Amino acid sequence: MTGTEWLNSEDAVARSKRPYAHFDWRTDINRHRAYIADPCKVAKHGFYPFIHYEKRTLKFNKKKGKQEKFRDICYAAHIDRCIYQYYSFLLNTLYNERVELDGFSAAAVAYRTNLHENNICCQMKERSMAKRRSNGERTLRLRADGRWEMTIMDGFRDDGKRRFKTFYGKTQKEVKAKAKGYRDARAAGLIVDANYLFPKWADIWYDHHRDNIAPTTQENYRYTLRILKEGFVRRRIADVKPYDIEMFLKKLRRDGRSDSCLAQCRGMLYQIFNKAEANDLIRKNPVCFAEKMRKTGPVQLKESFTAEEVTTLM
């Protein structure tokens with residue numbers, strides 16, 4: 001709403017009518033629209049002094065009982081009040097726009113006219129937000145460095161405690177967009193679970209796969225699994241890339257491992273990461289994109305035909 005629209009609104013005219021006595025005649029905005037809206041005239045306007053009185057009310061305190069509360073009341077002249085009301089609307093409009101622009105509209109609730117809420121509504125909203133936060137839904141706060149911080153619950157840890165993820169942004173809008181993007185990506189299966197270390201997931205895979213292995217072969221599997229766990233001891237399954245697979249196999253070859261051992265390690269890595277991909281823990285199996293190692297057996301020399309032998313055959 002613009003200033004002109006506000007001056008012509010029925011609500012503004014009704015609010016500008018007051019019956020109390022003052023130094024000037026009773027009036028309202030409807031009679032002085034042009035005067036109030038002219039900054040030059042307002043700048044030269046001679047304002048009347050306030051009329052002051054002290055209002056006394058009884059306030060009840062559980063410990064001290066009834067107590068008198070004193071409140072200073074000052075009220076302006078009728079024409080002055082109309083000017084104050086008009087410029088209060090203009091300043092409040094700019095204030096609302098600024099807090100929206102800076103991204104803390106939900107935090108600043110005092111002297112706001114566009115929220116259409118009273119103190120009870122704001123209090124209920126804060127209680128509701130505190131309840132959501134206690135349930136781990138989210139927390140939003142302005143940090144000392146000026147950035148906004150949002151924390152959301154992101155599942156549960158192995159010990160049963162809730163796991164949280166934090167996002168940062170320059171404005172509320174930015175940090176909320178980051179949190180929403182993360183939730184949407186996780187729901188679509190695009191966010192990997194980065195909490196599984198390779199040794200732990202390898203043990204999980206082996207426990208589920210062991211029933212499909214003959215008892216005589218399980219010892220070979222455990223031997224190969226031990227080599228893999230030593231090679232990726234501190235790596236998370238989400239961080240293992242095809243390049244890491246290639247470098248691991250090359251290191252095994254430099255350590256003198258046989259081609260058969262390399263093939264077994266690669267095959268088991270494929271099965272482990274394939275199971276992780278099937279359970280949406282990773283986006284793709286890195287073993288599929290790792291180059292295969294060439295065998296290093298004895299080189300067999302091939303003899304080619306001589307020119308005379310080729311002529312004879314032809």
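Values below: every heavy atom of this structure, side chains too, minus hydrogens, waters and symmetry copies. Each residue takes its place number in the sequence, starting with 1. These numbers come from a predicted model, not from an experiment.
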**Message:** I'd like to know if the side chain of E174 and the backbone of K170 have a donor-acceptor N/O pair within less than 3.5 Å.
**Reply:** yes
**Prompt:** Do NZ/NE/NH1/NH2 and the carboxylate oxygens of D203 and K200 come within less than 4.0 Å?
**Reply:** no
**Cation-pi check, K55 onto F70 ring (under 6.0 Å, within 45° of axis)** = no
**Message:** Checking the side chain of N61 only, and the main-chain atoms of K66 only, is there a donor and an acceptor separated by less than 3.5 Å?
**Reply:** no
**Min side-chain heavy-atom separation D259-R253 under 4.5 Å** = yes
**Prompt:** Roughly how far, to the nearest 0.5 Å, is the CZ atom of R56 from the CD atom of E68?
**Reply:** 5.5 Å
**Asked** Could you state the interatomic distance from OG1 (T171) to CG (L142), rounded to the nearest 0.5 Å?
**Response** 11.0 Å
**Complete:** Closest non-hydrogen atoms of C265 and F248, given as atom of the first, atom of the second and distance, are CB-CE2, 4.4 Å
**Asked** Do the side chain of Q85 and the main chain of R15 share a donor and acceptor less than 3.5 angstrom apart?
**Response** yes
**Item:** M153 CE to F164 CZ distance, which is reported to the nearest 0.5 Å
**Value:** 7.0 Å
**Asked** Is Y87 linked to Y35 within one hydrophobic cluster, defined over Ile, Leu, Val, Met, Phe, Trp and Tyr using a side-chain heavy-atom separation of less than 4.5 Å?
**Response** yes
**Asked** I73 and Y20: same hydrophobic cluster, using ILVMFWY side-chain contacts below 4.5 Å?
**Response** yes
**Request:** Hey, can you tell me if W205 and H209 have their rings parallel, tilted or perpendicular (30° and 60° cut-offs)?
**Result:** parallel
**Prompt:** R81 and T27: which non-hydrogen atoms are nearest, and at how many Å?
**Reply:** NH2-O, 3.5 Å
**Message:** I'd like to know if the side chain of T224 and the backbone of N220 have a donor-acceptor N/O pair within less than 3.5 Å.
**Reply:** yes
**Message:** In the structure I gave you, are the side-chain heavy atoms of D244 and M247 within less than 4.5 Å of one another anywhere?
**Reply:** no
**Close side-chain approach of Y221 and M268, heavy atoms under 4.5 Å** = yes
**Message:** Between L90 and W6, does the side chain to side chain contact (heavy atoms under 4.5 Å, CB included) criterion hold? Intermediate values first, please.
**Reply:** CA-CA 9 Å; L90 296 180; W6 183 86; over 6 Å; no
**Prompt:** Would you call W25 and R31 a side-chain contact if the rule is heavy atoms closer than 4.5 Å?
**Reply:** no
**Message:** Between D28 and A14 (side chain of the first, backbone of the second, donor and acceptor by atom type, cut-off under 3.5 Å), is there such a pair?
**Reply:** no
**Prompt:** For Y243, does the OH atom have more than 12 heavy-atom neighbours from other residues, nucleotides or ligands under 6.0 Å away?
**Reply:** no
**Request:** For side chain to side chain contact (heavy atoms under 4.5 Å, CB included), just list the numbers for K69 and L58, CA-CA rounded to whole Å, side-chain angles, deciding distance to a tenth of an Å, and then say yes or no.
**Result:** CA-CA 6 Å; K69 180 181 179 181; L58 288 176; over 6 Å; no
**Request:** Decide yes or no for K176 and K173: does some side-chain heavy atom of the first lie under 4.5 Å from some side-chain heavy atom of the second?
**Result:** no
**Request:** Specify whether H78 and H22 have parallel, tilted or perpendicular ring planes, treating 30° as the upper limit for parallel and 60° as the lower limit for perpendicular.
**Result:** perpendicular
**Request:** Determine whether H32 and C82 make a side-chain contact, defined as any pair of heavy atoms from C-beta on separated by less than 4.5 Å.
**Result:** no
**Prompt:** Sub-3.5 Å donor-acceptor pair from the side chain of D72 to the main-chain atoms of E54, do we have one?
**Reply:** no
**Item:** Atom pair CZ (R71) and OG1 (T57), whose distance is rounded to the nearest 0.5 Å
**Value:** 8.5 Å
**Asked** If we only count heavy atoms from C-beta on, is the F232 to L197 side-chain gap below 4.5 Å?
**Response** no
**Fill in**
Shortest non-hydrogen pair, A202 vs K229, comes out as CB-CG, 4.3 Å
**Complete:** Heavy atoms of F198 and I237 approach each other most closely as CA-CG2, 3.8 Å
**Request:** Measure from NZ or CZ of R147 to the centre of the six-membered ring of Y168 and say whether it is under 6.0 Å with the direction within 45° of the ring axis.
**Result:** yes
**Prompt:** About how many Å separate CD1 of I272 and CD1 of I282, when rounded to the nearest 0.5 Å?
**Reply:** 11.0 Å
**Asked** Are any side-chain N or O atoms of E246 and backbone N or O atoms of E291, one a donor and one an acceptor, separated by less than 3.5 Å?
**Response** yes
**Request:** Check whether any side-chain heavy atom of Q264 sits under 4.5 Å from a side-chain heavy atom of Y223, and report yes or no.
**Result:** no
**Request:** Search all heavy atoms of I245 against all heavy atoms of P286 and return the closest pair with its distance.
**Result:** CG1-CB, 4.4 Å
**Item:** Co-membership, hydrophobic cluster, residues Y48 and I29, 4.5 Å side-chain
**Value:** no
**Item:** Evaluation steps, side chain to side chain contact (heavy atoms under 4.5 Å, CB included), between W201 and K275
**Value:** CA-CA 9 Å; W201 178 250; K275 194 68 174 180; 3.9 Å; yes
**Prompt:** Can you tell me how far CG of L269 sits from CG of N274, rounded to the nearest 0.5 angstrom?
**Reply:** 12.0 Å
**Asked** For H208, does the NE2 atom have more than 12 heavy-atom neighbours from other residues, nucleotides or ligands under 6.0 Å away?
**Response** no
**Request:** Taking the six-membered ring for Trp and the single ring otherwise, decide whether the centroids of Y84 and F89 are under 6.0 Å apart.
**Result:** no
**Polar side-chain atom of R26 near backbone of P19 as donor-acceptor pair, under 3.5 Å** = yes
**Asked** Has the side chain of R266 got a donor or acceptor atom that lies under 3.5 Å from a matching backbone atom of A290?
**Response** yes
**Asked** Which atoms form the tightest heavy-atom contact between A37 and L7, and what is the distance?
**Response** CB-CD1, 3.7 Å
**Check: F50 ring centre within less than 6.0 Å of Y75 ring centre** = no
**Request:** Apply side chain to side chain contact (heavy atoms under 4.5 Å, CB included) to the pair H45 and I79, showing each step before the final yes or no.
**Result:** CA-CA 10 Å; H45 176 75; I79 182 63; 4.1 Å; yes
**Request:** Flag yes if more than 12 heavy atoms outside R143 fall under 6.0 Å of its CZ atom; otherwise flag no.
**Result:** yes
**Request:** Ignoring hydrogens and angles, tell me if any N or O in the side chain of D207 forms a donor-acceptor pair with the backbone of I204 under 3.5 Å.
**Result:** no
